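See structure below.
Bear in mind that the values here come from a model prediction, so they are computed numbers and not experimental data. What's counted below: heavy atoms across the whole structure, side chains too, no hydrogens, waters or symmetry copies. By convention in this document, chain letters (A, B, ...) are assigned in the order of the sequence lines, proteins followed by strands, and residues within each chain are numbered from 1.
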Protein chains: 2
Amino acid sequence: MFHVTIRKYQGGKYGRNMEGCIMPEITIKDIAKQCGVGISTVSRAINNHPDINPETKNMIMDVIKATGFVPNNSARNLKRIDAKSIAVLVKGITNPLFSDMIKVIEEETQKKKYSLVLKHVEYYEDEVDVALELVKEKRLRGIIFLGGYFLHSQEKIENLRVPYIFSTIGTAVPENISRVLYSSIAVDDRKESYAMTAHLIGLGHRNIAILSAESEINSIGQLRLEGYKDALSEAGIAFNERLVRQVEDDIEHYSMENGYITAKKLVESGEKFTAVFATADILAVGACRALLEAGMRIPEDVSVAGYDGIDVGKYYNPAITTVRQPVKDMAKTTIKLLFDIIAGRKSYEHIVFPAELIVRESTGTAKG
Amino acid sequence: MFHVTIRKYQGGKYGRNMEGCIMPEITIKDIAKQCGVGISTVSRAINNHPDINPETKNMIMDVIKATGFVPNNSARNLKRIDAKSIAVLVKGITNPLFSDMIKVIEEETQKKKYSLVLKHVEYYEDEVDVALELVKEKRLRGIIFLGGYFLHSQEKIENLRVPYIFSTIGTAVPENISRVLYSSIAVDDRKESYAMTAHLIGLGHRNIAILSAESEINSIGQLRLEGYKDALSEAGIAFNERLVRQVEDDIEHYSMENGYITAKKLVESGEKFTAVFATADILAVGACRALLEAGMRIPEDVSVAGYDGIDVGKYYNPAITTVRQPVKDMAKTTIKLLFDIIAGRKSYEHIVFPAELIVRESTGTAKG
DNA sequence: TTGTAAGCGTTATCAT
DNA sequence: ATGATAACGCTTACAA
């Protein structure tokens, strides 16, 4: 590590003087004074109001540019009754599916001349609390929740007096809240997980290990585990508890590293299996590596299946069989629904999208 | 797509009544009235000020909980002179390196009892404009820029009167701005790229293709290309323009898909090569897939090297040789430096971190 | 077309 | 310990 330059802070440069006191920011008032006009005229210039003399406006804009004045958004939001904006609250920014959804939502929001507030919510934060604050602060017209568990009290969520939609990619839809209070866009995790497991069974697999990431009831992880059990029992295969492997709790649940560690432990446990169903592609990648390192060939010795349909599964070697969630369609529907509700064309809606089973190179007929 | 439930919006539920008019939000005034106290007392209760009767406070807090009152942040920010908060402006949220950096920055910020504003900047947005707004709105004490190009005017950036740091992971440090105005934390892209290329040359490779993602001068992509040229000329290998492959411009530059397409085109071009240096791991993954599909073995027939040190390279099959950027250390140094500047212990600093060449399975001696 | 003034919902400064 | 009241920086009637 090379320190190229160091110099002591001299003060005055950073909006605080030598004593650490805050220097006054430049305001609309200063601009008005400097232009010799009233503040409302400046305001009109900024917000390009129709009734203002173009010359006056130009003059003001020049001064604004020269001084580098930027209006204070807090003051604006405070005063403005209507901001034409919506927010996306993202819990777990790591999820690669979210990026795609956000991109779509951004585009559609812009088309509607709305502005989008994107807010990242920490794992330990309560997303409804954050939403509550944001609604007041930014005068939001609607909210989309991406990620999180949603076991919130109906009482609390009722305070959120704008339309909100839960997008169930990595989000368990609240079971404890009246369904007329909210909207949701989801994939039937249990059903799709069932489909994948059934596919594996159809390939002749009997000992299918499953890598599961959550134990909370109604969580995505549990739902996918249920689907796995459904397929097993339908095929008359006894459920073997030892083939259910929970990922490590002390590192990021949905990560390649966790898939690797968990699969490695599975191998070392000595339990017999001919297929591994990782309930997320990102886990599948790590799992593949662990299996490969253990000297197993995929899919000749062991089949590996994922879930989600993220890019990496397609480019991995071998390409990983997966359940693709139609994220773009879901995002489009989500944003359309939100604007429908805002416009009063609908009240709420619960939509379930079908996922797509994509068979790639990582799954094959059971050995022996 | 199954529509489970549809009902017409009845109004009244969402902070707007039937006519679409906004319903008044509950304010501190309402709480004061309902509690039979003055508003300043409520304010004291909310901000747990010392001089308030515990009983009064409890009573007020009960009412607040019951009514679901949430203070308006815009009003708070407007009035508050000092917020003890800093911001991270992220351009290109897709970069997996950023997540790690942000995590570290978040932790350290919390330790200092500061709050962190995380702001996602669109590709087409000017990050300095966004920063300027945010500084006023949130009374920020400092800013960290992650991603972006930074060819900003000194004039404009001088208006940013809080300390700011450019973290050069996916960011080209501004060359056109006086170095005393800002701080930077970086890896020497040219040098590290040189090192990787030299490693490949040491393995006997002479025809090394390079996958490059940007053509802007001083961009990360260009710097890495320069390093490649440096190594070539040092080894007395003639530079072959046809081995330099720019990624597709109309899709996301740094993506597996783009690595795949670009490598595929390289193969189809018929140009001879025994190694591919992808200037980002994410490109390397796509490139590997394309090479594999073309029937080449890695590293027996062709070596592949990446850059960045992201997780996927470690778990890919084969594991990808890379230049690891010490993101966590860099993040730690970044946040420490920012707080040093805020506290007046330093003025500015330019720090260059060494990267680490990690040789994995994807590179080997040149064929033939 | 322009200026004046009344808020927006807080916090901070006074008195009390 | 508590309550008025004046800002904070802006938008928006309303008046000119």
Side-chain angles (χ1 to χ4, degrees), chain A residues 15 21-60 64 67-84 132-140, chain B residues 15 21-61 64 67-85 132-140:
Chain A
C21 296
I22 286 88
M23 284 166 51
E25 302 270 6
I26 173 165
T27 74
I28 197 174
K29 232 176 182 169
D30 303 317
I31 303 295
K33 207 173 288 173
Q34 218 169 118
C35 294
V37 299
I39 46 172
S40 43
T41 308
V42 179
S43 175
R44 285 184 192 102
I46 296 169
N47 302 291
N48 39 326
H49 255 74
D51 45 353
I52 182 173
N53 187 320
E55 282 180 40
T56 321
K57 183 174 173 176
N58 285 337
M59 186 263 282
I60 293 171
I64 286 177
T67 52
F69 163 72
V70 175
N72 183 316
N73 271 325
S74 288
R76 285 183 140 173
N77 292 329
L78 188 57
K79 185 63 196 175
R80 265 207 282 252
I81 205 91
D82 187 11
K84 290 245 285 182
L132 250 12
E133 275 191 34
L134 218 53
V135 166
K136 285 218 175 181
E137 182 177 341
K138 307 270 189 184
R139 313 265 182 210
L140 299 180
Chain B
C21 296
I22 287 87
M23 282 167 53
E25 301 270 6
I26 173 164
T27 74
I28 197 173
K29 236 176 181 167
D30 302 316
I31 303 296
K33 207 172 289 172
Q34 215 169 121
C35 293
V37 298
I39 46 173
S40 36
T41 308
V42 178
S43 177
R44 283 184 192 103
I46 295 169
N47 302 291
N48 39 325
H49 256 73
D51 44 354
I52 182 173
N53 188 319
E55 282 179 40
T56 321
K57 184 174 172 178
N58 285 336
M59 186 263 284
I60 293 171
M61 293 315 272
I64 286 177
T67 52
F69 164 74
V70 175
N72 184 317
N73 271 325
S74 288
R76 285 183 139 173
N77 291 330
L78 187 58
K79 184 64 197 175
R80 268 206 279 251
I81 204 91
D82 188 12
K84 290 246 284 183
S85 65
L132 250 12
E133 274 192 34
L134 218 52
V135 166
K136 285 219 176 180
E137 182 178 340
K138 306 271 190 186
R139 313 265 183 212
L140 298 180

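- Between the R139(B) side chain and the L78(B) main chain, a donor and an acceptor come within less than 3.5 Å of each other.
- Checking side-chain atoms of K136(B) against main-chain N and O of F69(A) turns up no donor-acceptor pair under 3.5 Å.
- For R44(B) against I52(B), the heavy-atom pair with the smallest separation is CB-CD1, 4.0 Å.
- Nucleotide dA12(C) holds its P atom 14 Å from the CD1 atom of I52(B), rounded to whole Å.
- The CG atom of L132(A) sits 16 Å away from the P atom of dG9(C) (whole-angstrom rounding).
- Judged purely by atom type and a 3.5 angstrom limit, S85(B) has no side-chain atom pairing as donor or acceptor with the backbone of L140(B).
- Note: CD1 (I60(B)) to P (dT10(C)) measures 14 Å, nearest angstrom.
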Mind running side chain to side chain contact (heavy atoms under 4.5 Å, CB included) on V70(B) and V135(A) for me, showing each step along the way? CA-CA 10 Å; V70(B) 175; V135(A) 166; over 6 Å; no
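- Taking the side chain as every heavy atom from C-beta outward, M59(B) and V37(B) approach each other to under 4.5 Å.
- Rounded to a whole Å, the CG atom of N77(A) is 16 Å from the C1' atom of dG7(C).
- Note that the two end axes of the helix from dT1(C)-dA16(D) to dT16(C)-dA1(D) enclose an angle of 40°, each drawn from 5 base pairs, rounded to 10 degrees.
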Determine, for nucleotides 8-16 of chain D in 5'-to-3' order, which nucleotides have protein heavy atoms under 4.0 Å from the base (write B), from only the sugar-phosphate (write S), or from neither (write -). BBBBBB---
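- When the side-chain nitrogen and oxygen atoms of T56(A) are compared with OP1 and OP2 of dT1(C), none of them lie within a distance under 4.0 Å.
- The two residues I39(A) and I28(A) make their nearest non-hydrogen contact at O-CD1, 3.8 Å.
- Listed by first and then second residue, the side chain to side chain donor-acceptor pair (under 3.5 Å) pairs involving residues 52-61 of chain B amount to none (not counting sequence neighbours).
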